[in-house]
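Step one of this worksheet: look at the structure below.
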2 protein chains.
Amino acid sequence: MITIKDVAELAGVSKATVSRALNNSGYVSPETKKKIDEIIEKYHYLPSASAVNLSKQETTTIGVVVPEIGNLFYADIVQGITRKADELDLSLVLFDTGNNMEREEKAIRVLQQQRVKGIILGPSIDYAESKRGKKLLKQLTDMHLPIVIIDRDFEQMPWDAVIYENYQSSYRAAQELYRAGNRTAAMIAGDMNLKIGRDRLDGFRKGAQDCGLELKEEDIFYGNFSMEDSYQLAKKLLTREELPDALYTCNNATTLGFLKAAKEVKRKAGVDIALIGNDRIDIVDILGMNISWIYRDTYNMGYTAMQLLQERFEHPDKPRSLCMIPYQVELNGSEKKKK
Amino acid sequence: MITIKDVAELAGVSKATVSRALNNSGYVSPETKKKIDEIIEKYHYLPSASAVNLSKQETTTIGVVVPEIGNLFYADIVQGITRKADELDLSLVLFDTGNNMEREEKAIRVLQQQRVKGIILGPSIDYAESKRGKKLLKQLTDMHLPIVIIDRDFEQMPWDAVIYENYQSSYRAAQELYRAGNRTAAMIAGDMNLKIGRDRLDGFRKGAQDCGLELKEEDIFYGNFSMEDSYQLAKKLLTREELPDALYTCNNATTLGFLKAAKEVKRKAGVDIALIGNDRIDIVDILGMNISWIYRDTYNMGYTAMQLLQERFEHPDKPRSLCMIPYQVELNGSEKKKK
DNA sequence: TTGAAAGCGCTAACAT
DNA sequence: ATGTTAGCGCTTTCAA
């Protein structure tokens, strides 16, 4: 591998001059610049990132750690991140923690060794709610690094974050369902131990209440965001005598669980479904149900996260910003529904 | 940021000793080792990757470049890669080219600067079939780096690769459909300019021929792997008087296009469908069609790719290996079909 | 406009 | 068992 020293010798100048030519820093005469460029071109010289990093004491890479890159939710986010990162000429070091705290800790450690410029982090758990989480939180703060959190917001969090507007959007979902002609609703809710779980339920409940959409307590099914669990709950719901006009699921997995149950029970009519997810619009469409799709623009989330990070690089002392991404709502077919 | 020098001073030893303690290389007495460890622990010292890389003249990161990480196909692959990489304590630098050759070239350039240990590459085009591709191919060979190609295999390719067993698996698909009771079939094929397109058609055709499954030329619909295109073709197929017993689509997008058409035409019965894809099993299941699912184990593909790369690190001179991943076949409900 | 030299944080002979 | 020293490839004063 050819080095700056080789280039310098070949061009008959010093390393310093080559460096200046490379970075357009300081003066270098047009002729020598030209000669250097030729050598570089000819030998395909590319400076070693490690050497540059070490010398400049800063890198141009940022760390990305997510719970599960094979999950379309995160894959889309990462896609958004890559896009903006590319615009800013930053490289990404990616870690997949598999929702495992040990791997999450290891990832942070490695990123620290790499001396990354910043981190975009999708935490696998709520750091504020376990000793292990708090430890990691401290580890992160001790790095004194720009950090952007995605999809989570917990008490005392010191960093920028981009999260979904869970409460407001769920509130709106209820209103929209009512507006479309529905009068009674059910919900398969998520884990009440998680803020996102509470926010989505609270928002939907308040929204329903404010517009007169009936949401009885016994029509709220408490799940844990998992497909299996939601499947069971949906089966319970669907085998009842009376079905509500509308159903609000609370995430991708819940949606899938419901669809599975719907297939088994073969009771497709009579329910408007407000599903939440970031995919599969095209597919669920064929169910023949009236589906109101509420989807999360995950790509945008990633792009925004990278953008926040960049702003933080430029203004290290600006106040913390929380970026709320609203759900997009599509009321397919619901308009036709009448009670 | 605390350095090895600081640690050495705090422990009252030389940098060399700290280095030895750090890497378990050479001798270092238990007492000094202990003292050093304490300092490290206390001050959270972590060696700078750049410095280590520069000194050792080698890194522990590998480059991953894919056309579109937001595509579940690649997301899954990357998931598999991260898993194996984690086991091997390697970091990943990820690039998303967006099927853009310029970005692909840039990615390679950056990876070269980073002096990555190896590259796993999902090419956006067939390098052997354009001047631009050939240029990149040369750029890559000039790096003299272990490289593993995923999902493509072209003439004269000098690297290890992990690809789908398109021909064989398509062959088997035909056989399985016959075995399940089908006697006539149609296929929505992909782009004949691409090897994967040809392989899938050729394999299916030969398989059908060998077992007696009828596949008339007019029942082969030539598409281009896109959803929109497949949708149009599927509509043509579905509006015919006579439907074949079975249909073989050739990729995810084709499947979606077909499903969309099926919904519109509302002619769900009468077709056994052998779909190919790596997702949505759960969803299409609810269509009420008899669906034979042929899916690609993408996670496994990524894992294998990383494994191949590792083997290449260990045995730089072993002959090139082409790893064929077979499709998984699930014949749901097809068994009940009778002619 | 250019070069010499020191230094970034670490490793790896070589001495002791 | 430990220290000294040179060097990895680059940047950046400081001189010239």
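Every chain is numbered from 1 and lettered A, B, ... according to where its sequence line falls, protein lines coming before strand lines.
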Can any side-chain N or O of [X] pair as donor or acceptor with the backbone N or O of [Y] at less than 3.5 Å?
X        : Y        : result
B/Asn53  : B/Ala49  : yes
B/Thr17  : B/Ala8   : no
A/Thr82  : A/Gln79  : yes
A/Ser130 : A/Gly133 : yes

[X] has a side chain; which of [options] sits nearest to it?
X       : options                : answer
B/Arg20 : C/dA13, C/dT2, D/dC10  : C/dA13
A/Ile4  : C/dT2, D/dC10, D/dT2   : D/dC10
B/Thr32 : C/dG9, D/dC10, D/dT2   : D/dT2
A/Thr17 : D/dG9, C/dG3, D/dT2    : C/dG3
A/Ser48 : C/dG9, D/dC10, C/dT11  : D/dC10
A/Ser55 : D/dT13, D/dG3, C/dG7   : C/dG7
A/Val52 : C/dA12, C/dT1, D/dT11  : D/dT11
B/Leu22 : D/dT12, D/dT11, C/dT11 : C/dT11
A/Pro47 : C/dG9, D/dT12, D/dC10  : D/dC10

Mind checking if [X] touches a base, just sugar-phosphate, or nothing, with heavy atoms under 4.0 Å?
X       : answer
B/Asn23 : sugar-phosphate
B/Val13 : sugar-phosphate
A/Ser25 : nothing
B/Thr3  : sugar-phosphate

Nucleotide [N], atom [atom2] - distance to [atom1] of [X] in whole Å:
X        : N      : atom1 : atom2 : value
B/Asn24  : D/dA1  : CG    : C1'   : 15 Å
B/Lys5   : D/dT5  : NZ    : C1'   : 16 Å
B/Lys33  : D/dA1  : NZ    : C1'   : 15 Å
B/Gln114 : D/dC10 : CD    : C1'   : 15 Å
A/Lys15  : D/dC8  : NZ    : C1'   : 10 Å
B/Gln113 : D/dG9  : CD    : C1'   : 13 Å
B/Gln112 : D/dG9  : CD    : P     : 15 Å
A/Lys56  : D/dT13 : NZ    : C1'   : 15 Å

Specify the residue among B/Val28 and B/Ala51 whose closest nucleotide of DNA chain D lies further upstream toward the 5′ end.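 Looking at the nearest nucleotide for each, B/Val28 comes out on the 5' side.
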
Distance check: side-chain N/O of B/Tyr45 vs OP1/OP2 of C/dC10, anything under 4.0 Å?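 Checking B/Tyr45 against C/dC10: at least one side-chain N or O falls below 4.0 Å of OP1 or OP2.
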
If only side-chain N and O atoms of A/Gln57 are considered, is one of them under 4.0 Å from the OP1 or OP2 phosphate oxygen of C/dG9?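 A/Gln57 to C/dG9 OP1/OP2: side-chain N or O found under 4.0 Å.
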
Within 45 degrees of the ring normal and closer than 6.0 Å to the centroid, is that where the cationic atom of B/Lys117 sits relative to B/Phe313?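 Checked: cation-pi criterion met.
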
Side chain of B/Arg115, base of D/dG9: donor and acceptor closer than 3.5 Å?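 Between D/dG9 and B/Arg115, which were checked side chain against base, a qualifying N/O pair under 3.5 Å is absent.
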
Salt-bridge test for B/Lys34 and B/Glu38: reply yes if a basic N is under 4.0 Å from a carboxylate O, no otherwise.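 Yes, charged N to carboxylate O under 4.0 Å.
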
